[in-house]
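Just so you know, residue 1 is the first one in the sequence shown, and it goes up from there. Both counts, for ligands and for their atoms, begin at 1 and track the order of listing.
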Amino acid sequence: MINGSVDALHHQFIPDPLLKEHNYILQISSDDIACVEKYRATLAAGTARFAEIYYNYLFDHPEIADVLYSHERSGGDIGDLVRNELQFMLGLFSVDDAARESELIQAGAKHSARGVRPVWAAGAYRLFLDFLRELIVGLDISSADRDRLESVILKLVLRDLGMISDSYWRARLDEYREAFNHVSVQYECVDDLLAGLPHLLWSVDVKRNQIIYANYPLHAIYSSRLESPFPFLADMNAEDQQQLLTVWQEAVNGKRSTTEVRMSLADGAEHWYRLSLYPSLSRRGRSAQVYCLLEDINRDISQRKQLEQLSTTDSLTRLPNRALWGDHMQMALAASRRVPGSQVVVISLDINQFKMYNDTLGHKLGDLLLREVAKRLDSVVRESDSLARLGGDQFGILLQPVNDARTAAERVITQVLDSFDMPFTCADKQLCVSVTLGVSCFPDHGASEETLLMNAESAMYRAKRNGLPYQFFDPGSDVSPAEQLRYSGQIQSALDNNEFELYYQPQVDLRTSSLTGAEALLRWQHPLEGTVLPQRIIPVAEQLGMISPITDWVLVTALRQCRDWSYVGSSVPVSVNVSARSFQSPRLVDKIQWALQEASVSGEHLEIEITEATLMMDLERAGEVLARLSDFGVTVAIDDFGTGYSSLSYLKRLPIHTLKIDQSFIMDVAFDKQDIAIVRSIIDLGHNLDYKVVAEGVENGMALDMLNNLGCDAAQGFHISKPLPQELFSSWLSTSSWAV
Ligand code: C2E
Ligand code: MG
Ligand code: MG
């Protein structure tokens, strides 16, 4: 197609035979030729002088002289060249048409090859013509012959020049055709290559806003729309069309630009493409052309989405994972910061005894249960709020900014707890599952996502320790993450440096008004912070796995103290608090036995205090541990009774000796009817089960009297004595009316 058009061009401009046509058009007649013949010898003789004029002409023009020198530089001889050219010019009067035609055609070709321009030949012929006319004027011939001779010479000069020019351009056209053919072959190769690409590729002339080139796929798909620089524009998503305009403007301004766009396919489905625009710059820095590439990236996008989903979704429950939940939290906090007075609620939720389900039912059913729990939670959490699985059996619930965090949190918590009233069915098994929740609120309980989650977790662990279904974060009771970090490295060194100390608080019998024992309470004499209370130490130690050495130290220290008092004649049984983690340690009983032996104290002088929640964690094991302790006379008290499950039905089965009523009921027992009723019923229940009932937190005589009236067995509290360091307790022993 391309070659064909070049050939047609060739024939159109260079018809054959050339000389004949020139003779015909210039009307060189046989009379003309005869006239030339007649004066040939005279003319030939006269032209000898023209050589000098011709030389001067050539070397007077620097451009022409340059061509001659470059001929010399490439190994040619200037003299030969000029002589040949001159000879050729003098062939103007040749009568052999065929030979002259061939000479003229070759001359044009040579001129083109050497860089001799047709106008230079015209200049040389002009000189020759002037020279000949002068020559003819000087000839002694008839005026008719002179006129004819002048006319025929002019026609011959025109013929030579026309022929040289024709052959010159024919040669140039051949060169061009060769180059063009070469480019065409390359073009076709590239076109074939681009046609095979799975992408659409085209270039746009910026000025004309038109496609200049389009590869085959673009032609095939959009043949009827190629007048637009973006033939697929109508199929594009409206938002992306706007984006396309932006990147197009960038490309026009000379910047490489890329964007991802969506297009509707014939079946209505949306498909992703990447459009890349590569500007080709004009001299003025603006794009003359923009090369455009449209690639199908649908698979990349769907893989990217899958990856994103994998990295943000929990694969088991399909809920958002901790990372995505963190993002949701960040957004909620940012939204709350914009609305002064608003709060964000963060809830941490843990399945109680999940480990037991996993261990007894197997991991498959454990997974199934987690999925069911996730579903149930999902059904109560509102769409606008965010539920996530944070890991293991821990879930997170985030409430969007609200004005009253406590009310909003309690509403959700109630719904969650209610939803767990119904048992779960997992592989034909009916499972009763309960959960514990901890709540923190932005901005009161922390400013960052990490702090808020950690504080919600701290509150949840406290709720678990206290056997409560949920707790709000309380800076006084929960240890902040910063505090955890601060104490983490210091607890071991506190043990090594003897910075821990025990305070003792007496417990007295209400009927006999005599001392029945002392509770050992931990204190940390921190070198920088002064006295640190146990509520700040125990949770950190539990979380850091450092509680066992502390419990061991307390046991040994308290029992040695008990022995020392016995040496001075005072029999003071000691009570030691055992935290949940320590109670679960399989070596607890052995350690207690060892500590008793080491201090040479009998088991009857030791009582351990455990919370209901701790016992409830694994009732069966608790039964075994308590039974073994009973074997060597150690008694067991339920501490802080009334704040947890308060379900005595399970206690019946355990060898428990004492109930310690939580101080929150005792503080106002002298005048609060409700507290009186609760305390009375706890005392009655305890007595029915043959337990000794002790009241904690007795701060005044009125409370003491009331407890006496209600039939409480023993009491402990500031009214009797604050917890005292060992030396002060020893003096208290010898001075207090309770102690004698
Ligand atoms: P707890 O076992 O219920 O101990 C009683 C707490 O009430 C003690 O606080 C005591 O100082 C305080 N208290 C006693 N009488 C009164 C009173 O009349 N009014 C008021 N307002 N408070 C009174 P403490 O010493 O700060 O201990 C707090 C908790 O830390 C203890 O509660 C116990 O659960 C835990 N704890 C203490 N020492 C240890 C220990 O060695 N190991 C473990 N695992 N926990 C310990
Ligand atoms: Mg206690
Ligand atoms: Mg207590």
Side-chain angles (χ1 to χ4, degrees), residues 461-462 465-467 474 476-479 491 494-495 499-508 517-525 531-544 546-559 561 573-585 588 591-592 595 606-615 635-644 658-670 682 693-704 707 714-725 728-729 738:
Y461 287 123
R462 182 159 48 85
R465 279 197 302 278
N466 296 337
D474 170 13
S477 311
D478 295 310
V479 190
I491 290 180
L495 277 167
E499 287 167 15
F500 287 128
E501 186 185 358
L502 287 184
Y503 275 35
Y504 297 91
Q505 186 176 35
Q507 199 183 92
V508 296
E519 179 173 6
L521 296 160
L522 186 68
R523 297 291 181 267
W524 180 1
Q525 302 306 346
T531 305
V532 182
L533 292 173
Q535 262 154 349
R536 309 209 78 74
I537 311 167
I538 305 298
V540 185
E542 282 223 302
Q543 272 168 36
L544 298 173
M546 293 289 296
I547 192 68
S548 278
I550 294 180
T551 308
D552 296 351
W553 180 86
V554 173
L555 272 168
V556 168
T557 310
L559 287 170
Q561 189 55 58
V574 285
S575 298
V576 168
N577 294 281
V578 173
S579 69
R581 273 265 171 107
S582 289
F583 187 72
Q584 273 148 12
S585 159
L588 178 74
K591 280 178 177 173
I592 291 175
L606 175 66
E607 181 163 66
I608 64 161
E609 297 190 5
I610 315 166
T611 63
E612 286 173 275
T614 305
L615 285 176
T635 53
V636 175
I638 305 272
D639 205 354
D640 305 338
F641 190 80
T643 55
T658 309
L659 286 189
K660 292 186 81 172
I661 308 173
D662 190 71
Q663 49 183 274
S664 57
F665 304 108
I666 306 300
M667 299 286 183
D668 302 329
V669 76
I682 294 176
V693 181
V694 182
E696 292 186 291
V698 180
E699 291 190 345
N700 49 60
M702 286 187 298
L704 197 72
L707 289 163
Q716 189 182 330
F718 293 172
H719 178 66
I720 298 145
S721 167
K722 287 198 167 182
L724 300 169
L728 288 182
F729 188 87
W738 295 101

Counting heavy atoms only, which part of Pro723 comes closer than 4.0 Å to ligand 1: side chain, backbone, both or neither? side chain
Exam field: side chain Glu609 to backbone Ser575, donor-acceptor pair closer than 3.5 Å: no
Hey, which atoms in ligand 1 end up nearer than 4.0 Å to a heavy atom of Val698? 18 (O)
Should you measure from each heavy atom of Pro534, which atoms of ligand 1 turn up under 4.0 Å away? 24 (P), 25 (O), 26 (O), 27 (O), 28 (C), 30 (O), 36 (N), 37 (C), 38 (N)
At less than 4.0 angstrom from any non-hydrogen atom of Glu609, what atoms of ligand 1 do you find? 2 (O)
Classify the contact between Ile538 and ligand 1 as side chain, backbone, both or neither, using a heavy-atom distance cut-off of under 4.0 Å. side chain
Non-hydrogen atom of Met667 closer than 4.0 Å to ligand 1: yes
Does ligand 1 have an atom under 4.0 Å from some heavy atom of Gln716? no
May I ask you to list the protein N, O or S atoms found at less than 2.8 Å from the Mg ion (ligand 3)? Asp639 OD1, Asp640 OD1, Glu696 OE1, Glu696 OE2
Provide the atom name of the closest N, O or S atom of Glu519 relative to the Mg ion (ligand 2). OE2
So which protein heavy atom does atom 21 (N) of ligand 1 come closest to, and at what separation? Glu699 OE2, 3.1 Å
Check each atom of ligand 1 against the heavy atoms of Val554 and keep those under 4.0 Å away; list them by number with element. 41 (O)
Does even one non-hydrogen atom of Lys722 get within less than 4.0 Å of ligand 1? no
With distance as the sole test, does Glu699 use its side chain to make a donor-acceptor pair with the main-chain N or O of Gly717 at under 3.5 Å? no
Check if His719 has a non-hydrogen atom at a distance under 4.0 Å from any atom of ligand 1. no
Residue, atom and distance of the protein heavy atom nearest atom 12 (C) of ligand 1 read Gln663 NE2, 3.7 Å
Quick look: Lys660 vs ligand 1, heavy-atom contacts under 4.0 Å, and the answer is neither
Any heavy atom of Ile550 under 4.0 Å from ligand 1? The part involved is neither
Where's the contact between Asp640 and ligand 1, heavy-atom distance under 4.0 Å: side chain, backbone, both or neither? side chain
